[in-house]
Amino acid sequence: MSFVQMWPGTFCIALGRRFECVLPKDANNWTIHGLWPSNIMGCCPYRYLFPSDLVDLTSELNEHWPSFINLSNFQFWDKEWQKHGSCAGCVEALSSPDKYFRAALFLRTKYNIDSAFQRAAIIPSCIQSYQLSTFMTVLRPVLGDQYELQCVTDVQGRQILVQIKVSLHSNFSSSCIEDSDYNISPYKPCTSERMVFYFPTSQKFPRNPCP
């Protein structure tokens with residue numbers, strides 16, 4: 001499975017124009033993009049997600065798993081549950097909405113990218129860029145070895161960090177990096193051939209924070 005966190009300052013750059021992109025004023029931390037089980041098709045005890053399923057988690061989810069598109073937070077969580085969570089029935093640790101969303105929040109705490117970057121004095125900037133190896137060195141003690149930094153390229157050709165994907169076994173131990181269909185995804189593995197930018201967030205210009 002994959003646990004993916006995204007950086008709000010870059011997410012809107014790659015988002016298709018069919019979606020409105022709005023960043024809350026407090027969207028200044030790495031947030032959850034998804035917890036995506038794999039190779040479990042055929043064991044899907046599907047059920048709908050109800051607000052009552054998340055009554056004890058709503059506050060944490062609002063902070064760590066917000067929606068930046070034209071869906072409410074709950075609609076976004078429901079979308080993730082229908083697409084990914086409801087098909088994790090054969091994974092005991094994810095076999096209910098409560099377990100699935102608690103697991104994502106647990107992993108967000110375990111893989112704390114914000115703290116790792118703060119300790120290393122890596123800060124969002126429109127001017128400063130970094131070697132890919134700098135990010136890798138800082139993140140390895142926190143994420144282990146089985147993770148992938150994903151970037152987008154803006155209209156000026158700058159390579160910008162947007163997502164970090166950690167590969168896990170069903171018991172949440174480290175797993176081999178899973179293959180992804182990069183032909184259809186706007187997020188590509190960051191390359192060491194170019195410097196990597198880490199843009200700040202911009203509520204006013206979420207699609208172009210660093211013109």
Enquirer: Please evaluate residues Ser129 and Val196 with respect to the criterion side-chain contact (heavy atoms from CB on, under 4.5 Å), reporting the C-alpha separation (whole Å), side-chain torsions for both, the decisive distance (0.1 Å), and the verdict.
Expert: CA-CA 5 Å; Ser129 60; Val196 180; over 6 Å; no
Enquirer: Checking Glu80 against Gln82: is there a side-chain donor and acceptor pair closer than 3.5 Å?
Expert: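 Result is no, nothing qualifies.
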Enquirer: Let me confirm one number: the OG1-CH2 distance from Thr10 to Trp7, rounded to the nearest 0.5 Å.
Expert: 8.0 Å
Enquirer: Going by an N to O cut-off under 4.0 Å, is there a salt bridge joining Asp154 and Arg207?
Expert: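 No.
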Enquirer: Within the 4.5 Å heavy-atom criterion, are Ile13 and Val162 side-chain neighbours or not?
Expert: no
Enquirer: Between Ser202 and Leu23, which heavy-atom pair has the shortest distance, and what is it?
Expert: O-CD1, 3.9 Å
Enquirer: Is there a donor-acceptor pair closer than 3.5 Å between any side-chain N or O of Thr58 and the backbone N or O of Leu54?
Expert: yes
Enquirer: Count the heavy atoms belonging to other residues, nucleotides or ligands that lie under 6.0 Å from NZ of Lys110, then report whether that count exceeds 12.
Expert: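 Atom NZ in Lys110 is packed in, count exceeds 12.
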Enquirer: Considering only heavy atoms from C-beta outward, does the side chain of Tyr130 approach that of Val138 to under 4.5 Å?
Expert: no
Enquirer: Same cluster or not: Met195 versus Val152, using hydrophobic residues (I, L, V, M, F, W, Y) connected whenever any side-chain heavy atoms lie under 4.5 Å apart?
Expert: no
Enquirer: Would a distance-only check, ignoring hydrogens and angles, find a side-chain to backbone donor-acceptor pair under 3.5 Å from Gln118 to Ser115?
Expert: no
Enquirer: Can you tell me how far apart CZ (Arg108) and CG (Asn29) are? Round to the nearest 0.5 Å.
Expert: 6.0 Å
Enquirer: Report the distance from atom OG of Ser133 to atom CZ of Arg140, rounding to the nearest 0.5 Å.
Expert: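 Reported to 0.5 Å precision, the distance equals 9.5 Å.
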Enquirer: Kindly say whether Phe205 contributes a backbone atom to a donor-acceptor pair with the side chain of Asn208 at under 3.5 angstrom?
Expert: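 No: the side chain of Asn208 does not pair with the backbone of Phe205.
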Enquirer: Can you tell me how far apart CG (Asp145) and CG (Leu139) are? Round to the nearest 0.5 Å.
Expert: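 The distance works out to 11.5 Å.
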Enquirer: What pair of heavy atoms forms the shortest contact from Leu49 to Phe74, and how long is it?
Expert: O-CZ, 3.6 Å
Enquirer: Please report the C-alpha distance between Trp36 and Met1 in whole Å, then the side-chain angles of each, then the deciding distance to 0.1 Å, and finally whether the side-chain contact (heavy atoms from CB on, under 4.5 Å) criterion is met.
Expert: CA-CA 5 Å; Trp36 303 331; Met1 74 176 71; 6.0 Å; no
Enquirer: Relative to each other, are the rings of Phe117 and Tyr198 parallel, tilted or perpendicular (30° and 60° limits)?
Expert: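 Judged by the thresholds at 30° and 60°, the geometry between Phe117 and Tyr198 is perpendicular.
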Enquirer: Under a 4.5 Å cut-off applied to non-hydrogen side-chain atoms, are Thr31 and Pro8 in contact?
Expert: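 Thr31 vs Pro8: side chains touch.
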Enquirer: Applying the side chain to side chain contact (heavy atoms under 4.5 Å, CB included) criterion to Ile164, which one of Tyr111, Phe135, Trp30 satisfies it?
Expert: Trp30
Enquirer: Check step by step if side-chain contact (heavy atoms from CB on, under 4.5 Å) holds for Arg119 and Val142.
Expert: CA-CA 12 Å; Arg119 289 193 298 268; Val142 178; 3.7 Å; yes
Enquirer: If we ignore hydrogens and angles and just use 3.5 Å, is the side chain of Gln159 paired with the main-chain N or O of Arg194 as donor and acceptor?
Expert: yes
Enquirer: Do Gln150 and Pro189 have side chains that approach each other closer than 4.5 Å (heavy atoms only, starting at C-beta)?
Expert: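 No - every pair of side-chain heavy atoms lies 4.5 Å or more apart.
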Enquirer: Assess, by modelled atom type and distance only, whether the side chains of His33 and Gln163 contain a donor and an acceptor separated by less than 3.5 Å.
Expert: yes
Enquirer: Does a side-chain heavy-atom distance below 4.5 Å link Cys21 with Ile69?
Expert: no
Enquirer: If you take all heavy atoms of Phe68 and Ala27, which pair is closest and at what distance?
Expert: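 Shortest heavy-atom contact: CE2-CB, 4.0 Å.
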Enquirer: Are Ser67 and Asn73 close enough that a side-chain donor and a side-chain acceptor fall under 3.5 Å?
Expert: no
Enquirer: Indicate whether any N or O donor in one side chain lies under 3.5 Å from an N or O acceptor in the other, for Trp65 and Glu60.
Expert: no
Enquirer: Can you hop from Leu71 to Met6 via hydrophobic side chains spaced under 4.5 Å?
Expert: yes
Enquirer: Nearest heavy-atom pair of Phe199 and Pro209: which atoms, and what distance?
Expert: CD1-CG, 3.9 Å
Enquirer: Taking it one step at a time, do Tyr187 and Leu149 satisfy side-chain contact (heavy atoms from CB on, under 4.5 Å)?
Expert: CA-CA 9 Å; Tyr187 313 118; Leu149 277 69; over 6 Å; no
Enquirer: For the residue pair Asp114 and Asn28, what are the closest heavy atoms and their distance?
Expert: OD1-O, 4.5 Å
Enquirer: Would you name the heavy atoms of Ala104 and Ile32 that are closest together and state the gap between them?
Expert: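 Ala104 and Ile32 have their closest heavy atoms at O-CD1, 3.6 Å.
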Enquirer: In Å and rounded to the nearest 0.5 Å, what is the OG to NZ distance from Ser72 to Lys79?
Expert: 12.5 Å
Enquirer: Do Leu35 and Leu107 have side-chain heavy atoms sitting under 4.5 Å apart?
Expert: yes
Enquirer: Would you say Val166 ends up clustered with Phe106 if hydrophobic residues are merged whenever their side chains have heavy atoms under 4.5 Å apart, either directly or through other cluster members?
Expert: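 Phe106 clusters together with Val166.
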Enquirer: For the CD1 atom of Ile160 and the SG atom of Cys210, what is their distance to the nearest 0.5 Å?
Expert: 7.5 Å
Enquirer: With heavy-atom distances below 4.5 Å as the criterion, would you say the side chains of Asp56 and Arg102 are in contact?
Expert: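 A side-chain contact exists here, since the closest heavy-atom pair is under 4.5 Å.
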Enquirer: If we only count heavy atoms from C-beta on, is the Pro124 to Thr201 side-chain gap below 4.5 Å?
Expert: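 No, their side chains stay 4.5 Å or more apart.
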